[in-house]
Amino acid sequence: MNYPVWECYFAGGGLIVAIIAIFHVFVAHFAVGGGFFLVITEYLAYRKKDFLLIRYVKEHTLFFLLLTLVFGSLSGVGIWFSISVISPSSTSTLLSTFVFIWAIEWLFFIGEIISLLIYWYCFDKISRKQHIRIGIVYCIFSWLSLFAINGIISFMLTPGMWISTGIVCDGFFNPTMLPSLGFRTFMSSMIAGIFGFVTAVFVKNNRLKSDIINWCFKWTLLSLIMSIPFIFWYFSLLDIKTKELFIGFSPETLKAQSILFLSIPLILLVLIFIAIKTEGKIQKIFSFILLFMGFIYIGSFEWFRESSRRPYIIPNHTYSNSIKVIDSKEINEKGILKVAKWVENKEIFEDNILKAGREIFNIQCLSCHSIGGPLNNILKVAENFTVHGLYTQLSGQGKLRKYMPPFFGNKTERLALSEFIMEQFNYQCCSNTEPLKIKQKSFSLKPFNESKDEYILIATPQYGISEFQEYEKDWTISAPPNNIYAQLIFRGKKPKIITEDIIISYTINGYEGTMVLSEKQMAFFTDQIPSALDSKTIPYDPLILLTAKDSTTGDILAETQIIVPNLTEFSCKNCHIRKNSSGSLNKIRNKASESIFKAHDKINKTSLLRKSEKGEIINCRVCHSDNFYSKAQKPLNLSAAIHGFHSVYMSDEGNEVCHNCHSISSYENRSSFRGIHKSVGLECINCHGDIKAFAISLLKEELKFNKILANKSFENKEDKYKILNLVNSRRPWINLPDCLNCHSDYNSPDTDTHPIDQWTISEEELYIRRTDKAGIMCITCHGSSHAIYPSSNKLDTIGMIQYDGKNAPMGSESNCKVCHKIDMGQKIHHSNNF
Amino acid sequence: MVFSTIIPTFDFIPIKWELLQVLLIITFILHIIFVNILIGSIIILFVETIRLKNNTIVLIDQISKKIALIMAITINTGVAPLLFLHVMYGPFIFTSSVLMSVWWLSIVIFLIIAYSLIYILSLQSISIVSNRILIMSISIAMLLIVGFIISNNMTLMLEPKKWLNYFNVSNGMLTNFNEPMLIPRYLHFLCASIGIGGLFLSWLFHLKQINKNEENNYKKKIQYMKWFIGATITQIPIGIFFLFSLKSEIRNLFIGQDFYKTFLLGISLITGLLSVIFGFKNKLIWCTVTSLVTISLMSLVRDQLRKTYLIPFFNPEDLIIKDQYNLFILFLILGVIVILVLIYILRIAWFKEKGIS
């Protein structure tokens with residue numbers, strides 16, 4: 001931001017630093033441990049008067065000198081050069097802060113190389129005592145240079161008090177400095193022992209070779225064992241946030257930690273194998289395997305350290321992309337392009353959006369992500385998203401999975417970045433694809449003779465939203481099944497709800513069933529309507545024929561039909577889709593589900609993709625059941641999980657956010673929100689609250705049972721406690737918005753003023769359960785929630801049209817005759833009726 | 001876009017600017033001496049190998065080991081001045097390094113190649129002259145390229161106006177070839193290297209002569225001194241060329257307008273001329289002393305030149321100082337201790353070698 005960015009997209013992600021650092025770390029540690037190994041071995045050889053061993057030490061010294069002096073110092077310079085061009089801002093901070101520590105380290109290093117050169121050139125030329133003394137000087141210098149550099153490296157993970165005091169010594173003597181120093185000391189010693197093996201296996205004299213191998217075995221084993229307590233000490237001191245990452249939020253950290261621990265027994269095994277069993281060529285091969293294992297041991301430790309300090313370069317001070325914590329507020333207020341120095345596009349217009357996106361990518365992403373390169377390839381990360389998906393992802397970045405820095409900037413800049421990244425795929429817009437066509441069966445209304453017919457049978461689906469997933473073939477969210485409620489009314493001046501001596505049956509797509517009586521509600525209901533997929537997996541609107549018969553005579557009393565409109569716009573594909581998805585719509589949808597499985601597997605360590613590839617239909621509710629309350633180890637219920645997770649990524653948006661998933665398209669009037677509430681201008685958040693409050697209310701209920709995942713789903717602790725006090729907890733499908741919140745005493749409210757977090761207390765208060773004073777269910781006259789009559793989709797109201805002749809609540813416009821056969825004057829159903 | 005808006009903001013400095021300047025100049029002098037010795041002596045040996053063919057093999061065998069050693073020390077002495085440079089001129093040097101990232105990073109690769117080749121040479125296992133010439137020419141080319149890249153960077157950092165080219169070339173391949181002072185500055189450095197290289201080789205044979213008074217050693221001593229004299233005299237036209245390649249307003253400061261700058265340049269010219277005179281008279285010690293003084297004064301001139309170029313863009317007085325004097329003192333104390341320890345072990349090695357020979 002303060003500096004230009006080297007646009008090296010392939011090598012982005014610190015590839016160059018990584019390559020140089022891997023070798024440098026290995027050689028630099030060898031430079032420390034190797035000195036001790038040489039001097040102690042020389043001393044022992046001198047005491048035993050073993051001249052062959054002294055010769056070995058001399059030859060090993062040359063090998064040691066060449067490797068450490070050339071590659072050690074040049075790769076050290078290489079690291080410095082590479083970090084200074086990749087992260088100039090952070091390097092500048094580190095150099096300015098620790099300039100004298102670096103300078104002191106340089107003094108030690110100068111001492112190190114000169115003493116080593118003298119040690120080598122004076123071999124056999126000066127007295128053994130003096131020679132060993134020079135060796136000791138080398139050992140001291142090399143260890144001191146480790147001491148100096150270790151303070152800075154450990155600072156970069158745990159800056160300790162420096163963050164508040166700014167005092168260099170507070171940063172240098174930071175919490176992990178000592179365990180890190182101990183670990184590195186013994187690790188270097190171990191690497192020296194391993195290099196000892198590598199040169200020893202080439203020794204021709206068998207007696208000498210065997211002696212050196214035994215000596216290296218003891219040396220390496222002891223060093224390895226001594227390093228282990230320090231690694232545990234080190235881990236125990238990492239702060240809580242780092243631990244949180246360590247426990248599982250950062251996949252890389254976990255991997256590195258597993259490899260580190262796995263390499264310990266493997267090194268032991270190979271070590272024993274070389275020392276006891278092998279000879280000749282196999283021994284040589286195994287010594288190189290051991291060298292490789294040592295490489296892995298040290299590499300995984302460094303990898304762990306590097307990955308666990310994310311999203312920072314210097315914790316709580318500078319993010320991985322060199323943006324300073326202190327600057328983040330200004331950037332979010334003004335926009336990154338306004339604050340950054342090295343950008344051409346200070347403002348975003350339609351014609352420069354990609355150029356601006358590129359500049360934002362350079363500033364915020366390139367230091368960790370390559371484009372098409374081998375390290376942290378952004379194309380791999382983004383391939384599962386659409387532009388909108390990426391845009392949404394960026395808004396929640398760093399909140400849940402905290403190893404990523406948050407996105408800095410405004411919404412337009414976020415969009416520009418998303419556009420630029422997706423442009424790399426030659427992205428084809430999939431988010432505007434038409435919904436899956438619904439097969440519509442033809443039907444005619446059942447007749448109703450107002451003067452002759454004695455009964456009316458009114459049926460309503462439980463939920464107005466019957467969201468049908470487009471991905472049913474692969475997986476099913478399987479919201480609670482939609483049921484149908486039906487009430488049979490015997491018409492007359494005083495109509496009766498008939499519940500005895502009748503059978504109400506239903507027919508759907510050739511399947512017949514009998515409805516069950518709910519005495520409490522004086523209504524019949526279906527157990528669960530069958531899947532709305534035909535044999536070719538094409539969704540259709542189920543046309544359901546309901547017939548009420550006299551149970552004794554079998555005479556038909558009344559017939560009606562209802563259609564439960566299916567919505568095919570449960571729109572996961574708006575965000576989740578793999579790159580270059582083209583072809584049939586079904587194919588695109590399969591790709592979307594594949595990308596969701598991948599994301600779920602990555603974050604939650606599941607294997608949904610594998611199961612799906614084997615043909616298993618993934619049912620979300622198998623794990624995310626609503627019945628797992630009070631079981632802390634179980635996953636969250638589906639509503640809490642899916643809203644809790646997504647709310648993090650959509651929290652800064654209002655009503656629009658609901659429509660990301662729950663469509664409001666006007667396609668064949670199949671919006672998931674239609675009816676009178678829609679037509680008077682209400683939106684989802686008027687009843688349900690915004691996504692954040694919605695999610696928190698569900699998660700709060702899960703928190704009562706100490707569900708681990710509920711805790712993790714909160715963006716951060718400050719938010720969590722702040723919001724927890726404001727939003728009431730609730731259980732999905734039980735504690736829902738109460739109609740009486742607004743319709744106080746059944747009146748039409750002027751405005752929507754009720755608090756969003758007042759829910760029905762129990763199932764009994766749900767709209768679906770409520771009745772009027774005469775026992776008529778609310779839904780019987782008014783229709784399902786989200787499709788309250790009059791509905792923009794006439795399929796919702798074919799029952800009303802059959803009996804009342806209009807797309808409106810039953811008996812509206814004082815048409816009491818439908819049930820009462822005569823006009824009525826009293827408001828018996830509820831106040832304010834008709 | 002206005003170039004002044006893209007100059008990065010400074011972090012802070014740990015101690016007073018002037019003290020950092022002293023550290024920078026002292027460590028730079030130390031480094032540049034080794035750089036000159038390394039590049040100069042290998043170039044001279046290369047020319048001699050071509051000229052004399054087989055006759056030089058023994059000579060190269062004797063010296064190449066020392067060159068490998070000098071190269072290791074050269075690289076490591078370069079760390080400190082670069083460190084202080086980054087702290088003092090961070091926004092400038094970091095920026096120019098990013099703009100020419102590819103070239104800047106390639107320095108590491110070129111150095112590894114050069115070092116490996118010099119090391120192969122020092123193993124004395126290559127007896128075919130043409131192979132030696134090939135190895136030497138590649139390693140010299142690598143070292144010269146490294147020097148040229150550094151010159152590019154050191155001049156690019158001085159001119160923020162040129163940084164605007166970043167918006168056309170952002171792939172790290174920017175160079176500063178069109179800078180008028182680049183070539184004379186580079187030649188100036190190259191010529192100085194040959195001179196100091198000659199002086200170094202002359203010293204080697206001088207010491208050899210002390211140990212073994214042979215005619216050949218004396219001849220060699222004189223011969224390499226001629227390299228020094230020739231190269232230093234050549235510096236006069238190159239120096240003038242360099243001076244006139246500077247922007248006139250800056251050049252004028254060094255030729256009369258600013259007393260301190262003119263004085264520094266004048267004195268260094270005089271010491272340079274003195275070193276040539278001592279060279280002619282074959283007074284090695286005095287020649288060396290005056291050369292070292294010249295190098296030191298020229299380093300001061302170089303520092304003044306940098307400061308002058310950057311004066312429009314920042315004022316050291318305005319920089320925030322975050323007090324690190326305790327660490328500065330610790331650095332000085334440890335510096336003395338390290339030097340004492342090194343003197344101790346060098347004495348062991350020195351006396352023993354003398355004793356054996």
Side-chain angles (χ1 to χ4, degrees), chain A residues 2-8 16 20 66 69-71 73-78 80-82 84-86 88-89 91-93 95-97 99-104 106-111 113-115 117-119 121-122 125-127 130-131 133-134 137 140-141 166 168-169 341-342 344 362, chain B residues 1 5-9 11-14 20 23 69 72-73 75-80 82-84 86-87 90-91 94-95 97-99 101-102 104-105 107-108 111-112 115-116 119 163 166-167 170-172 322 324 326-328 330-331 334-335 338 341-342 344-346 348-349 352-353 356:
Chain A
N2 199 15
Y3 286 94
V5 180
W6 174 26
E7 271 191 3
C8 182
I16 294 167
I20 303 172
L66 291 174
L69 266 195
V70 183
F71 291 101
S73 58
L74 279 175
S75 57
V77 172
W80 183 12
F81 275 33
S82 53
S84 66
V85 297
I86 287 159
S89 185
T91 312
S92 173
T93 306
L95 289 187
S96 304
T97 307
V99 56
F100 290 112
I101 306 287
W102 295 113
I104 289 167
W106 170 73
L107 284 177
F108 294 147
F109 195 66
I110 290 279
I113 59 165
I114 292 177
S115 53
L117 285 168
I118 294 173
Y119 182 77
Y121 281 108
C122 291
K125 288 182 186 166
I126 53 176
S127 75
Q130 281 178 321
H131 192 248
R133 212 174 281 164
I134 292 172
V137 168
I140 293 170
F141 276 137
V168 178
C169 289
K341 284 181 185 275
W342 287 78
E344 264 185 313
N362 290 349
Chain B
M1 182 172 283
T5 60
I6 58 173
I7 298 173
T9 42
D11 267 336
F12 57 88
I13 50 172
L20 283 170
L23 291 175
L69 195 154
I73 297 172
I75 291 168
N76 289 298
T77 51
V79 170
L82 205 58
L83 173 69
F84 295 124
H86 275 82
V87 174
F94 275 116
T95 304
S97 303
V98 173
L99 300 186
S101 309
V102 175
W104 192 236
L105 290 178
I107 285 179
V108 179
L111 285 179
I112 288 178
Y115 191 93
S116 309
Y119 177 70
W163 297 352
Y166 166 75
F167 296 106
S170 50
N171 58 2
K322 284 196 181 170
Q324 289 189 19
N326 48 0
L327 286 168
F328 170 59
L330 180 67
F331 167 70
L334 286 171
V338 169
V341 172
L342 290 181
Y344 166 71
I345 57 171
L346 280 166
I348 295 178
K352 200 67 201 174
E353 203 162 89
I356 285 173

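A note on names: the letters A, B, ... follow the listed sequences, proteins ahead of strands, and every chain is numbered from 1.
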Interface moiety of [X] toward chain A, non-hydrogen atoms closer than 4.5 Å:
X: Tyr166(B); answer: side chain
X: Leu23(B); answer: side chain
X: Val341(B); answer: side chain
X: Thr77(B); answer: both

Close side-chain approach of Cys8(A) and Asn171(B), heavy atoms under 4.5 Å: no
Choice from Ser73(A), Ser92(A), Gly111(A), Ser89(A) maximising heavy atom contacts with chain B below 4.5 Å: Ser92(A)
Options Phe141(A), Phe108(A), Trp102(A), Trp80(A), ranked by heavy-atom pairs under 4.5 Å with chain B, top entry: Trp80(A)
Arg133(A) and Tyr344(B) side chains, donor-acceptor separation under 3.5 Å: yes
Mind ranking [options] by heavy-atom pairs under 4.5 Å with chain A and telling me who comes out on top?
options: Phe84(B), Phe328(B), Trp163(B); value: Phe328(B)
options: Ala80(B), Ser116(B), Gly335(B), Ser97(B); value: Ala80(B)
options: Ile75(B), Ile345(B), Leu346(B), Val108(B); value: Ile345(B)
options: Ile7(B), Leu342(B), Val98(B); value: Val98(B)
options: Gly78(B), Pro91(B), Ala72(B); value: Pro91(B)

[X], part contacting chain B, at a heavy-atom distance under 4.5 Å:
X: Val99(A); value: both
X: Ile101(A); value: side chain
X: Trp6(A); value: both

Closest heavy-atom pair and its distance - Thr97(A), Gln324(B): O-NE2, 2.9 Å
Contacts of Tyr115(B) that satisfy ring pair (Phe, Tyr, Trp, His ring centres under 6.0 Å) - sequence neighbours left out: none
